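Since this is a predicted model, take the numbers as computed values, not measurements. Each chain gets a letter, A, B and so on, in the order the sequences are listed, and its residues count up from 1.
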2 protein chains.
Amino acid sequence: MMANSYAIGTLSKHTGVNIETIRYYERIGIMPKPPRTAGGQRIYETAHLKRLAFIRRSRELGFSLDEIRALLRLVDGGDYSCGEVQEMTLAHIADIRRKIADLRRMERVLKDMAAKCDGGDVPECPIVDALSA
Amino acid sequence: MMANSYAIGTLSKHTGVNIETIRYYERIGIMPKPPRTAGGQRIYETAHLKRLAFIRRSRELGFSLDEIRALLRLVDGGDYSCGEVQEMTLAHIADIRRKIADLRRMERVLKDMAAKCDGGDVPECPIVDALSA
DNA sequence: GATAGGAGCTGTAGTCGCTACAGGTTCAAG
DNA sequence: CTTGAACCTGTAGCGACTACAGCTCCTATC
């Protein structure tokens with residue numbers, strides 16, 4: 001394999017993205033079909049590495065593959081405006097805040113329930129009662 | 001339909017659980033197979049209503065169906081101890097806290113990224129740069 | 001040049017918790 | 001008795017992977 005070109009396993013190690021997942025990304029069209037060796041194995045280059053790292057980082061930040069697709073379209077198009085990207089990011093932040101609020105509500109309720117419980121061996125449980133209510 | 005017995009649609013309305021979901025719960029064994037009319041339609045009673053409400057409430061609090069299965073086993077067994085239920089609840093709370101921490105980290109990073117962006121029309125975007133880094 | 005074995009290939013099926021049909025049957029009101 | 005709303009079963013789809021099985025290829029060593 002030439003310098004600056006990688007097999008799928010190397011790409012996987014460099015980006016921390018599973019091999020199966022890389023092939024999955026290709027199948028759903030979020031990663032391009034790379035050239036192949038005569039024997040049919042994928043050959044990646046630095047551009048692929050960067051793109052995959054972008055995807056990985058975006059996934060880590062909770063963007064859905066659809067959102068990432070949109071981000072990549074903007075970037076690929078070359079004519080993206082910072083405003084569009086910012087808009088998506090802000091929408092995503094709002095989404096995360098909603099999720100946090102939901103989880104905090106759950107946490108509070110569960111904590112209250114658990115606090116009523118002395119953890120004894122009795123077959124009467126305030127948590128079960130609360131869940132049944 | 002007799003008093004204190006309900007068709008699936010009524011159960012659905014009472015609990016806010018989708019009809020399809022109720023049948024799904026039955027298929028995966030989390031709701032019992034109810035008796036049927038001569039024509040094959042499901043007949044539910046107050047016990048079913050309570051059980052489904054329990055499931056719904058637990059789902060709202062983020063318990064997985066597997067966790068709910070475990071909770072129900074404890075309750076059904078009759079010999080459950082409050083301690084076991086409390087243990088599951090505390091584990092679940094820990095899980096929720098982890099999720100909240102993750103989301104907060106995401107939020108912070110995204111917020112920082114978005115703050116660097118003036119939302120202009122320029123094709124150079126600090127968010128994209130940050131995602132690529 | 002032969003051989004071993006690690007790495008890669010395709011295609012399919014499973015995960016979780018539903019949801020959405022299609023195409024049929026039953027029930028209850030008028 | 002007729003209408004039509006509600007119910008039935010079975011299957012397939014979602015999102016984002018993951019895990020095989022059963023191959024083929026590539027490369028390092030002898």
Side-chain angles (χ1 to χ4, degrees), chain A residues 1-3 5-31 33-45 48 52 54-72 92 95-96 99 102 106, chain B residues 1-3 5-31 33-44 48 51-52 54-72 92 95-96 99 102 106:
Chain A
M1 193 123 295
M2 287 163 45
S5 82
Y6 324 88
I8 199 168
T10 318
L11 196 69
S12 169
K13 266 184 206 108
H14 275 43
T15 56
V17 178
N18 226 319
I19 290 180
E20 324 267 34
T21 306
I22 297 174
R23 286 197 284 248
Y24 167 72
Y25 285 167
E26 180 183 331
R27 203 165 62 245
I28 65 167
I30 215 168
M31 281 291 285
K33 288 187 198 301
R36 305 278 187 131
T37 63
Q41 309 203 348
R42 291 169 178 81
I43 307 168
Y44 293 103
E45 284 157 50
H48 295 106
L52 189 54
F54 181 96
I55 295 169
R56 158 127 223 234
R57 182 124 174 80
S58 305
R59 285 292 300 132
E60 278 173 4
L61 290 172
F63 285 100
S64 72
L65 288 181
D66 252 14
E67 288 170 322
I68 294 172
R69 225 190 292 269
L71 284 172
L72 287 169
H92 187 54
D95 215 64
I96 288 178
K99 279 187 190 137
D102 281 354
M106 286 184 204
Chain B
M1 196 125 291
M2 286 165 46
S5 81
Y6 323 90
I8 199 168
T10 317
L11 196 70
S12 168
K13 265 185 206 106
H14 275 44
T15 56
V17 178
N18 226 320
I19 291 180
E20 325 267 34
T21 306
I22 298 173
R23 287 197 284 245
Y24 167 74
Y25 285 166
E26 180 182 329
R27 202 165 63 244
I28 64 167
I30 215 168
M31 282 290 287
K33 289 187 196 298
R36 305 275 189 134
T37 62
Q41 307 203 351
R42 291 168 178 80
I43 306 168
Y44 292 103
H48 296 106
R51 189 184 186 85
L52 189 54
F54 180 97
I55 295 169
R56 157 125 225 235
R57 181 126 175 80
S58 305
R59 286 293 298 134
E60 278 173 3
L61 290 172
F63 285 100
S64 71
L65 289 180
D66 252 13
E67 288 170 322
I68 294 172
R69 224 189 294 267
L71 284 172
L72 287 169
H92 187 55
D95 215 66
I96 287 178
K99 280 186 189 137
D102 281 354
M106 287 183 204

B:Tyr25 vs C:dG17: side-chain N/O to OP1/OP2 distance below 4.0 Å: no
Taking 4.0 Å as the cut-off, does a side-chain nitrogen or oxygen of B:Thr37 come that near to OP1 or OP2 on C:dT26? no
Categorize B:Ile28 for me: base, sugar-phosphate, or nothing, with a 4.0 angstrom heavy-atom threshold over every strand shown. nothing
Would you mind reading off the distance between B:Met31 atom CE and C:dC18 atom P, rounded to a whole angstrom? 13 Å
Let me spell it out: for each of B:Arg27 and B:Lys13, pick the nucleotide of DNA chain D with the closest heavy atom. Which residue's pick is nearer the 5' end? B:Lys13
Quickly work out the B:Leu52 CG to C:dC18 P distance and round it to whole Å. 11 Å
Measure the spacing between CG of B:Leu61 and CG of A:Asp102 and express it to the nearest 0.5 Å. 11.0 Å
Rounded to the nearest 0.5 Å, how far does CD1 of B:Ile19 lie from OG of B:Ser12? 5.0 Å
In whole angstroms, the gap separating C1' of D:dC17 from CD of A:Glu60 amounts to 15 Å
Would you mind telling me which of D:dC7, D:dC26, D:dC17 lies closest to the side-chain atoms of B:Gln41? D:dC7
Please determine if a side-chain N or O atom of A:Arg42 lies less than 4.0 Å away from the OP1 or OP2 oxygen of C:dG8. no
So if I take every side-chain heavy atom of B:Glu20 and compare against C:dT19, C:dG17, D:dC8, which nucleotide ends up nearest? C:dT19
Which nucleotide, D:dT9, C:dT19, D:dA16, lies nearest any side-chain atom of B:Arg36? D:dT9
A:Leu11 backbone acceptor or donor facing A:His14 side chain under 3.5 Å: no
I need the CD1-C1' distance between B:Ile43 and D:dA6, as an integer number of Å. 15 Å
So if I take every side-chain heavy atom of A:Tyr24 and compare against C:dC18, D:dT18, C:dC27, which nucleotide ends up nearest? D:dT18
Starting at atom CD1 of A:Ile55, determine the distance to atom C1' of D:dA16, rounded to an integer number of angstrom. 13 Å
A:Arg23 bridged to A:Glu26 by N-O distance under 4.0 Å: no
Verdict with supporting geometry, A:Tyr24 and A:Leu65, side chain to side chain contact (heavy atoms under 4.5 Å, CB included): CA-CA 12 Å; A:Tyr24 167 72; A:Leu65 288 181; 4.0 Å; yes
By nearest nucleotide on DNA chain C, pick out whichever of B:Arg23 and B:Ser64 is the more 5' one. B:Ser64
The side chain of A:Thr21 is closest to which nucleotide in this list: C:dG8, C:dT19, D:dC17? D:dC17
Determine the contact category for B:Phe63: base if any of its heavy atoms lies under 4.0 Å from a base atom, sugar-phosphate if only primed atoms, P, OP1 or OP2 are that close, otherwise nothing. nothing
Atom-pair distance (CZ on A:Arg69; C1' on D:dG15), nearest Å: 11 Å
Quick check for you: among D:dC17, C:dC21, C:dG17, whose closest atom lies nearest to any side-chain atom of A:Arg59? D:dC17
Atom CD1 of A:Ile19 to atom C1' of C:dA7: distance rounded to whole Å? 8 Å
Where does the angle between the aromatic ring planes of A:Phe63 and A:His92 fall among parallel (under 30°), tilted (30 to 60°) and perpendicular (over 60°)? parallel
Contact nearer the 5' end of DNA chain C, comparing B:Asn18 with A:Gly39: A:Gly39
Which nucleotide in the list C:dG8, D:dC8, D:dC7 gets nearest to the side chain of A:Ala7? C:dG8
Send over the distance from B:Lys33 NZ to D:dC8 P, rounded to a whole Å. 13 Å
